[in-house]
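Written below as structure tokens is the structure these notes are about.
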Protein chains: 2
Amino acid sequence: MESTNTRPRRLAATKQALSVGDVARRCGVAVSTLHFYETKGLIHSWRNAGNQRRYTRDVLRRVAVIKIAQRTGVPLAEIQQALATLPDSRTPTAADWRRLSERWRAALDERITQLTLLRDQLDGCIGCGCLSLAQCPLRNPGDVLGGDGEGAQRLGSDHVSNGSTAL
Amino acid sequence: MESTNTRPRRLAATKQALSVGDVARRCGVAVSTLHFYETKGLIHSWRNAGNQRRYTRDVLRRVAVIKIAQRTGVPLAEIQQALATLPDSRTPTAADWRRLSERWRAALDERITQLTLLRDQLDGCIGCGCLSLAQCPLRNPGDVLGGDGEGAQRLGSDHVSNGSTAL
DNA sequence: GTAAGACCTCGAGTATGGTTGAGGTAAAGC
DNA sequence: GCTTTACCTCAACCATACTCGAGGTCTTAC
């Protein structure tokens, strides 16, 4: 793991600007992750005379939001798009951030609903002990297809292998 | 995409055994996916005289269970372990399947709880419009660290980038 | 001034969950 | 018998989200 130790250090040039290490330490992420986020357009920096990255404090909030959004299951590409709607010129306002969280809250709601539905169906099947081929809503939502005998069809074309729900 | 068309066809050799194509069609997955599952030990087959895979009907249930488990966010490795506890010798009983679904039901519960908690926190922050650096539970769960001014620390070391909860 | 530590770039590697394609064989339909 | 599907293997590739290492530069502490 990269340098993410915790002892306090002076800010880069004892000024407002944060170095990549500062940001990493304060956000609890690896330096390489910040590099990575930058390549993905999630955060931005400028360079000092020695070609080292410098950040405004703004980036702390951005990284925080990225991490929160990830917890809700939003993929980085979506987060990038959302963050891109933030103003570049001014420091984002509370209203700006609220807009983002409302958007993700909706996605989160949807995901919770889906999972709850799934749980309830699973419950039903635990109750009947079946996971029955012909009747189980988990296995045959539409209850069609299948010529000869039993047969489960069209399972989870909606499966969420990456845990994300499209926004 | 591989051959996953829907017109009915005779079963392999008009017998009980299913070909990989039969299984793919009836489960709504690609043939390559079945190959893949086999390399991961999730399903099993034997070969006919011409080196083609043959399956018992059992595999339909297995694939169904795999897809359901994936929807709950269980990674394939976990699913493999769970399926490995099924008897090889006899066809799994309702009790066998119930055991699996109970296990996953618990994981699902946990995930729903986590997401609901997150949503409620997000709600609070939408309410106050802040995503506040110092006070927000989303950003600073422990409310410690940070020497100079504001500062969000130790964010989501528990983040679920792949959407899965460890069982 | 010097040494340690932080930073730089770029390419490769990791893990998950598959898909695609090449080159060749088997089975089914007529 | 012949053609069309289906099937076989194996390697490579895709996307996501990072991490690691090599080789070299910059800053900071003393």
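In what follows, chains are A, B, ... by sequence order, proteins preceding strands, each numbered from 1.
- Side-chain N/O atoms of B:Lys67 include one lying less than 4.0 angstrom from OP1 or OP2 on C:dG18.
- No donor-acceptor pair under 3.5 Å is formed between the side chain of A:Thr33 and the backbone N or O of A:Val29.
- For A:Tyr55 and C:dC7, the OH to C1' distance is 11 Å, given to the nearest whole Å.
- Here the shortest heavy-atom pairing between A:Ser19 and A:Arg54 reads CB-NH1, 3.5 Å.
- OP1 or OP2 of C:dG18 sits under 4.0 Å from a side-chain N or O of B:Gln70.
- For A:Tyr37, a side-chain nitrogen or oxygen approaches OP1 or OP2 of D:dC18 to under 4.0 Å.
- At C:dA6, none of the side-chain N or O atoms of A:Ser19 fall inside 4.0 Å of OP1 or OP2 (strictly under the cut-off).
- Look at CZ on A:Arg54: it is 13 Å from P on D:dC26, rounded to the nearest Å.
- Along DNA chain D, the nucleotide closest to B:Arg53 and the one closest to A:Ile66 are compared, and the more 5′ of them pairs with B:Arg53.
- Set against D:dA17, D:dC7, D:dT19, the side chain of A:Ala30 has D:dT19 as its closest nucleotide.
- Distances were taken from every side-chain heavy atom of B:Phe36 (C-beta onward) to each of D:dT19, D:dA17, C:dT19; the shortest belongs to C:dT19.
- One can place CG of B:Leu34 at 15 Å from P of D:dA6, the figure rounded to the nearest angstrom.
- Between the two ends of the helix from C:dG1-D:dC30 to C:dC30-D:dG1, each summarised by a five-pair axis, the helix axis turns through 10° (rounded to 10 degrees).
- Contact of the A:Leu76 side chain with the A:Gln70 side chain is registered, since non-hydrogen atoms from C-beta on lie closer than 4.5 Å.
- Scanning residues 41-52 of chain A for heavy-atom distances under 4.0 Å to DNA chain C yields A:Arg47, A:Asn51, A:Gln52.
- In this structure B:Gln80 satisfies the side chain to side chain donor-acceptor pair (under 3.5 Å) test with no other residue, sequence neighbours excluded.
- Checking A:Arg61 against A:Thr91 by side-chain atom types alone, no donor-acceptor pair falls below 3.5 Å.
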Applying salt bridge (Lys or Arg N to Asp or Glu O under 4.0 Å), run through B:Arg90 and B:Asp96 and close with a yes or a no.
-> CA-CA 11 Å; B:Arg90 61 177 167 79; B:Asp96 290 324; 2.7 Å; yes
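- Atom pair B:Lys40:NZ and C:dG17:P shows a separation of 8 Å (rounding to whole Å applied).
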Stepwise, does the side-chain hydrogen bond (donor to acceptor under 3.5 Å, both in side chains) test hold for A:Thr72 with A:Arg105?
-> CA-CA 8 Å; A:Thr72 74; A:Arg105 148 81 204 219; over 6 Å; no
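- Taking atom NE2 of residue A:His35 and atom P of nucleotide C:dC7, one finds them 8 Å apart after rounding to whole Å.
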